[in-house]
There are 2 protein chains.
Amino acid sequence: MELRHLRYFIAVAEELHFGNAAQRLNISQPPLSAQIKELEQNLNVQLLKRTNRSVALTEAGEYLYELSVQMLARLEKETAILQEIDRGERGKIAIGFGGSVVFQILPRVLTLIKKQYPKLEIHVSQLTTKQQIQALLTGDIDLALLVPPVGDEELNTHPFYEEKFIVCLPKSHPLASSTGPIAMEDVSNEPLIISPREAGEGYFEAVRSLYIKSNTVMNIAQYSTEQQTMVSLVAAEFGISFVPESTSHIQHHNVVYKEIDVTHYKETVLTWHKHTQTPLVHGVVELLKTFKV
Amino acid sequence: MELRHLRYFIAVAEELHFGNAAQRLNISQPPLSAQIKELEQNLNVQLLKRTNRSVALTEAGEYLYELSVQMLARLEKETAILQEIDRGERGKIAIGFGGSVVFQILPRVLTLIKKQYPKLEIHVSQLTTKQQIQALLTGDIDLALLVPPVGDEELNTHPFYEEKFIVCLPKSHPLASSTGPIAMEDVSNEPLIISPREAGEGYFEAVRSLYIKSNTVMNIAQYSTEQQTMVSLVAAEFGISFVPESTSHIQHHNVVYKEIDVTHYKETVLTWHKHTQTPLVHGVVELLKTFKV
DNA sequence: TTCTTTCCATACGTAATACGTATCAACATC
DNA sequence: GATGTTGATACGTATTACGTATGGAAAGAA
C-alpha cells in the first residue's frame with residue numbers, strides 16, 4: 001500500500017463518483033478504478049459497495065476514510081515540523097549555567113533566545129563549572145555559560161560578558177560604613193568565604209588574583225558553592241566574600257557591598273562542543289555572541 | 001511522498017548503512033540512495049548527515065524516524081481492524097427492544113452476541129414498538145425485538161420467541177389466593193391497566209384478544225407503557241393487568257401472578273431493515289435466529 | 001606512502017507499473 | 001426504445017523504480 005492509494009480513496013469517498021474523483025485528482029477514471037481495486041485487494045477488504053451506476057462506502061470504507069484523512073493531515077503537519085527542525089527553529093536545547101548568572105544574565109539570555117526561536121524547548125540546569133564541562137562533553141547540555149578556564153580541546157569558547165568583583169561585608173564590619181573603595185590590604189586578614197576550587201578553578205583563581213595583585217594573603221574560613229549561601233554566611237559573620245557585581249542583587253539586612261581598590265573582572269564565556277553539528281546549536285551560539293550587557 | 005519512502009528511510013535510519021539497509025529491503029543500494037534523496041528533496045529537509053564513509057541522522061532525521069515507525073505501525077494495526085470490520089467482527093450495532101424483554105431475554109441476547117462478536121460495540125435502547133419501527137426506518141437502530149405486527153414493507157421480521165400471558169392481581173383481590181388458572185370471566189369487569197395502543201398495537205391487541213376469546217369486555221382503568229409501572233399500579237390497587245410470564249420476575253409484596261384459562265401468546269419478533277447491506281447486521285440476525293428460549 | 005577495502009553517489013539501461021484512450025456493459029431517464 | 005451516465009475492461013504509452021557497472025573519497029593495511 002502507498003499513500004497514493006489513500007489519497008485516491010479519499011477523493012472517491014468524498015465524491016462517491018469515480019469520474020469526479022478522477023477529475024479532482026487530475027487523472028483519468030480507469031486508473032483510479034484500478035488503484036482503488038488494488039487497495040481493496042491489498043487490504044483484503046471491501047471498501048466500496050458498487051452498483052454499475054453508483055458508489056457507496058461500506059463500514060470498513062467509512063473507517064478507512066476517516067483514518068486516511070487523519071493520516072494525511074498528520075503527515076502534512078509533521079512535514080512542517082520537520083522543516084522547522086531542519087531550519088533549527090524547533091527542537092530542544094539544553095543550557096548549563098553557573099550560579100552567578102542566574103539573577104541578571106540568565107533571564108535576558110532566555111528572553112533573547114525565545115524571541116528568535118519561539119518554538120524552541122529550552123532546558124536549563126544550574127551546575128558548577130566542572131559539572132558544566134563534563135555535561136558538555138557527554139552531550140547532556142549543548143551550551144554552557146561558565147567561568148573560564150575550560151581546559152579542554154574539545155570545547156569552543158567565546159567571551160560572553162564580564163563583571164567586576166566587589167566585596168561583601170557584614171554590617172558590623174568596621175569598613176561597612178566607609179565611603180569609597182575598600183583597600184584590599186584592609187581586609188587581607190579577614191576570614192574569607194569562597195567557592196571551592198573543585199567546583200571550578202576560574203572563580204577561585206579570580207578571587208585569588210585579587211590577593212596576588214594587592215600582595216596580600218588569603219585566609220579561607222569557609223567554602224560555599226552557592227552565591228546565596230555565601231551572602232548568608234557573610235551575614236552570619238563567618239567572614240567576608242568577594243562576589244561579582246551582580247550578586248549585590250541579593251539584599252540582606254546584615255550585609256553591605258563595597259567596591260574594592262583592585263579591579264578584577266570575573267569573565268563568563270559561552271562554551272559549546274567543537275563537534276556540535278546541529279544547526280540549532282550553532283544558531284543559538286551565533287545569537288548569543290551578539291549578546292551585550 | 002509515498003509510504004515506500006518511509007519504509008526505506010526506516011531501514012537506513014536503523015542500519016545507518018545504505019548497503020545493509022538495501023539488502024534488508026531486497027533492493028540494491030543505488031535506488032535506495034535515490035529514494036532517500038528524493039524523500040529529502042520532497043520534504044525539503046536534510047535527514048542524513050553523510051560523509052563518503054558513513055551515515056548519521058540529523059535532528060530532523062531522528063524525528064522522522066520516530067514518526068515513520070509510528071505511522072507504519074499504526075497503519076498495520078488499522079489494517080487488521082479494517083479486516084475485522086469487513087468480516088463483520090467489529091463495528092457498532094444498535095438494538096432496540098421493548099420493555100417486556102428486558103428481564104429475561106435481553107441479557108441472554110447480549111451474552112449470545114458478545115460470545116460470537118467479542119469486539120462488537122452494542123448499543124441498546126429501550127423503546128416502544130412504534131418508536132422501534134421508526135428508529136429502524138431512519139437507521140437509528142439496526143435491529144429490534146418487538147411485538148408484531150410491524151406493518152411496514154421495508155422491514156423484515158423473524159419469529160423470536162413467545163410467552164403466555166398471565167394475570168397480575170393485587171393481594172387483596174378475592175381470587176389472589178385461589179389455586180389453578182383464573183377464569184377470564186371472573187375478572188372481565190375488573191378495571192384494567194394496559195399499555196396504550198399508540199405505543200404498539202401488538203401488545204394492546206394481544207390483551208384484547210384475551211377478552212374476545214372469552215367473550216368478555218375490557219374495562220380500561222389506566223394506561224401505562226412500562227411493565228414496572230403497571231405492576232406498581234396493580235399493587236396500588238388501581239386494577240388488574242395482563243402481562244407476559246417473564247414480568248412475574250418483578251416481585252412486589254402486594255401483587256400475585258396467576259395463570260389464566262385462556263391461553264394467548266405474546267409474540268416477539270426480530271425485526272430489521274430489508275435493505276440492510278452490512279454483513280455485520282446480517283450476521284447478528286442469523287445468529288439471533290438460532291436463539292431458543 | 002601506496003595499495004586495498006569500504007561505502008555512498010552517479011550513469012545508464014531495463015522492467016515494473018501507473019496512466020491515458022477507446023470501448024463495453026449496466027442502469028436510469030425521457 | 002433511444003440517449004446519457006457511470007463504473008469496469010482492454011490495451012498501448014509513459015513514468016519511474018530498480019539493477020548493473022562504475023566513480024570517488026575516506027579509512028585501514030602493507
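Chain naming here is simple, since letters A, B, ... match the order of the sequence lines and numbering starts at 1 in each.
- Taking the side chain as every heavy atom from C-beta outward, B:Leu48 and B:Phe9 approach each other to under 4.5 Å.
- Close to C:dC8, at under 4.0 Å from its OP1 or OP2, lies no side-chain N or O of B:Ser33.
- Using a 4.0 Å heavy-atom distance criterion, A:Glu38 is classed as a sugar-phosphate-only contact.
- B:Ile81 has its side chain within reach of B:Arg90: a pair of non-hydrogen atoms, C-beta onward, lies under 4.5 Å apart.
- Residue contacts shown for A:Gln29 include a base, since a base heavy atom lies under 4.0 Å away.
- Distance, B:Phe18 CZ to D:dA26 P: 17 Å, rounded to whole Å.
- Across the interface with DNA chain C, nearest-nucleotide mapping of B:Lys37 and A:Arg4 shows B:Lys37 to be the residue nearer the 5′ end.
- Nucleotide C:dC7 holds its P atom 4 Å from the NE2 atom of B:His17, rounded to whole Å.
- Taking atom CZ on B:Arg50 and atom C1' on C:dC7, their separation rounds to 13 Å, with Å as the unit.
- Ionic pairing of B:Lys49 and B:Glu59 is not present here: no N-O contact between side-chain nitrogen and carboxylate oxygen is shorter than 4.0 angstrom.
- In this structure, B:Ile27 places its CD1 atom 14 Å from P of C:dT17, rounding to the nearest Å.
- Between A:Glu15 atom CD and D:dT6 atom P there is a gap of 12 Å when expressed in whole angstrom units.
- Atom CE of A:Met1 and atom P of C:dT17 are 17 Å apart (whole Å).
- Heavy atoms of A:Asn26 sit under 4.0 angstrom from primed sugar atoms or phosphate atoms, though from no base atom.
- The CZ-P distance, from A:Arg7 to C:dA18, rounds to 13 Å in whole Å.
- The CD atom of B:Glu2 sits 15 Å away from the C1' atom of C:dA16 (whole-angstrom rounding).
- Between A:Glu205 and A:Arg197 a salt bridge is recorded (basic side-chain N to carboxylate O distance below 4.0 Å).
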